2 protein chains.
Amino acid sequence: MARRPAVVTIADVAARAGVSLSTVSRALNGNPTVDPALAERVRAAAAELDYTANPWARSLVSGRTQTIAVVVPDLANPTFQTILRGLGRAAAADDFHVLVSDSAESVDAERTLATTTRRRTDGVILCAPRMPQPDLDALAATLTPLVLVNRTSPDVASVRADYGAALRAQLDDLHRLGHRRILHLSGAPGSASGAQRAKALDAFTAAHPEVDLRRLPCGVDADAGAAAADAVLDSGATAALAFNDLVAVGLLDAVRRRGCRVPDDLSIVGFDDIPFARFTTPALTTAAVPAEELGRAAWVRMRALLSGEAPPPSLTLVPETVVRATTGPPPS
Amino acid sequence: MARRPAVVTIADVAARAGVSLSTVSRALNGNPTVDPALAERVRAAAAELDYTANPWARSLVSGRTQTIAVVVPDLANPTFQTILRGLGRAAAADDFHVLVSDSAESVDAERTLATTTRRRTDGVILCAPRMPQPDLDALAATLTPLVLVNRTSPDVASVRADYGAALRAQLDDLHRLGHRRILHLSGAPGSASGAQRAKALDAFTAAHPEVDLRRLPCGVDADAGAAAADAVLDSGATAALAFNDLVAVGLLDAVRRRGCRVPDDLSIVGFDDIPFARFTTPALTTAAVPAEELGRAAWVRMRALLSGEAPPPSLTLVPETVVRATTGPPPS
DNA sequence: CTGTTAGCGCGTTCAC
DNA sequence: GTGAACGCGCTAACAG
């Protein structure tokens, strides 16, 4: 049984202003074909009654909700938090609301959530780093408007960071410092950025046969980084590149507890530049993924899509290397 | 002009199953007065057509949206992120959606957002740490169902951490260690938890006249903590209690850069136990606010409210002190 | 320029 | 047990 809250409807406003429903609707929606005097009277009545159009009724007829859906794998990940924040604030500035869902790292949930939340919103912005490409393409075909974050699919608007380019820069920096035994903590298998990075790794190996560049499968959080500490130390590598800052932080802490000096004994490089990267000891060298900017850019594309315009071209930002204090020359 | 996407409606299902609209509606809503065989036929038809009821039409008639609104001051704050995560996952488990808004630390925006998002959802969960109590009470009177996080108001469901009790415990620990000159970095003025803490500070001062306990106004983020470093060092205090871990982290980093040894020269205590607190150097002593649990508990109360039940009593969790390595005896 | 009318897609009384 | 009809609150055609 519906609790029907006693709210004021357009009929109340019409009665108070002494006009018809349509006039109220037109006046409040800024339709220019209304007599300015009447429009003013309507606005006054609406204000006195504290009237706001029922969003569901409005959506039912207009097909629009002023709301977008955002799907992320895990709200505990600083990068997604930051993307969400940038996105949310940008959308709010355009009077749009944001429906978030956290897929708990489940690709199935991502697919389901994207579809179900689409039904209650005007479009979806999807972060699905580990969804297989064919699945993503198939999903994208059924989902519009859609903006992808850190993924691409044919004819789909997207914004992404160039993980490959940034990794290349990090490798070059390490090489320039003299490192010849480098370990890459590769994160969970199957991620899209992981593929970009694998390519960069391959290219680097081809270009620098003198470098022993190995990969170590690994998780994506601080615990995973800590768990990898022994393997990293045993590997004899002089530098470790972490999948992200969380992994780097966990690794840094764990190796230091084992008496390893960073960067004297081991250089550590993160990825993302989360807010805390500045505050590790030593401060973490990393690549700054402009997550807030990605969020804003995703909104800009969604907004264009919603107004039927062609969205700005897909955006690729290359994370800038920020050298702090966890990197240095290899031990001699 | 409404883009009317070609979606299947209840009428399509009815036609396919060879029954009336009402039967489809009843069958799909589990109304027991439908012939089981018919119900099955309807479900089959719905499945084949991949039918889902239009949520806006459903909301329009039922008055329910399966969505709740969450308003937070800043999505960049780890505590709110964690609350949101716990809340979101709990709500999702009950098939509810979450509409988030970030007020950008503006009390005005909090008020507005709470009201406007209420109209598109079934209830709101409000984190408004700095809204003056009279304003909060007034807002609460117009907003139902409502669950407050870290605030209370007469007859309003709420979940909170007991900042006073936790601060008391921290002060006792410091006193037991021998500290007699203690500085409290009090955060932005006007926050509710700030008031609780002020009381705890007053009580401690009354009970321990031998202790020089001072307060230093301060912001709520790492930059604020860093900015307070000189003042803290000049004060001659042997221990500093930060408003939250962000402030503590900023302070810790800044004093160490100035050559101050922590905890030998200065003990630092945080508040919240954000994920990163384990990874500072030294690891941060703090009070663990169970943010994820608060989020879950907020949802449990909202769910009760939504089903017309009396919500569980207001919850007050006392953050547990977690002693790590930034605290020790004062310098002798 | 304004009022009347007809849906938007669904849940839910009512009769049958 | 099932179907027809109404109405949720609003916008957009259509007259006037």
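Just so we're clear, the structure is a prediction, and the values are computed from it rather than from any experiment.
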Every protein N/O lying under 3.5 Å from an N/O of nucleotides 1-3 of chain D:
unit_1 : atom_1 : unit_2   : atom_2 : d
dT2(D) : OP2    : Asp35(B) : N      : 2.6
dG3(D) : OP2    : Ser20(B) : N      : 3.1
dG3(D) : OP2    : Ser20(B) : OG     : 3.2
dG3(D) : OP2    : Thr23(B) : OG1    : 2.4
dG3(D) : N7     : Arg26(B) : NH2    : 2.6
dG3(D) : O6     : Arg26(B) : NH1    : 3.3

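- Of the candidates Val147(A), Val149(A), Leu139(A), Val70(A), Leu139(A) is the only one forming a side-chain contact (heavy atoms from CB on, under 4.5 Å) with Leu126(A).
- Two end axes, each from the C1' atoms of five base pairs, can be drawn for the helix from dC1(C)-dG16(D) to dC16(C)-dG1(D); they diverge by 40°, to 10 degrees.
- Nucleotide dG3(C) holds its P atom 12 Å from the CD1 atom of Ile10(A), rounded to whole Å.
- Residue Trp56(B) contributes atom CH2, which lies 16 Å from atom C1' of dC8(D) at whole-angstrom precision.
- Rounded to an integer number of Å, the gap from CG of Asn54(B) to C1' of dC8(D) is 13 Å.
- Atom pair Arg64(B):CZ and dG9(D):C1' shows a separation of 17 Å (rounding to whole Å applied).
- The residues Arg303(B) and Glu309(B) are annotated as not salt-bridged, no charged nitrogen and carboxylate oxygen being separated by less than 4.0 angstrom.
- The minimum heavy-atom distance linking Pro311(A) with Ala304(A) is given by the pair CA-CB, 3.7 Å.
- To the nearest 0.5 angstrom, Cys127(B) atom SG is 5.0 Å from Ile83(B) atom CD1.
- Side-chain polar atoms of Thr316(A) and Arg160(A) form a donor-acceptor pair below 3.5 angstrom.
- Residues Asn31(A) and Thr33(A) have side chains that bring a donor and an acceptor to within less than 3.5 angstrom of each other.
- Side-chain atoms of Gln133(B) and Asp137(B) include a donor-acceptor pair closer than 3.5 Å.
- Phosphate proximity of dG9(C) to Tyr51(B): absent, as no side-chain N or O sits under 4.0 Å from OP1 or OP2.
- When only modelled atom types and interatomic distance are considered, Ser22(A) and Ser25(A) share no side-chain donor-acceptor pair under 3.5 Å.
- Regarding contacts with the backbone of dC10(D), every side-chain N or O of Arg58(A) stays at 4.0 angstrom or more from both OP1 and OP2.
- Distance, Leu60(A) CG to dT11(D) P: 11 Å, rounded to whole Å.
- Nucleic acid contact class of Ser25(B) (heavy atoms, under 4.0 Å, all strands): base.
- An OP1 or OP2 oxygen of dG11(C) is reached within less than 4.0 angstrom by a side-chain nitrogen or oxygen of Asn29(B).
- Atom CZ of Arg119(A) is separated from atom C1' of dG9(C) by 10 Å (rounded to the nearest Å).
- For Arg41(A) and dG3(C), the CZ to C1' distance is 14 Å, given to the nearest whole Å.
- Taking atom CG of residue Asn31(A) and atom C1' of nucleotide dA12(D), one finds them 10 Å apart after rounding to whole Å.
- The closest side-chain heavy-atom distance from Arg89(A) to Asp102(B) is below 4.5 Å.
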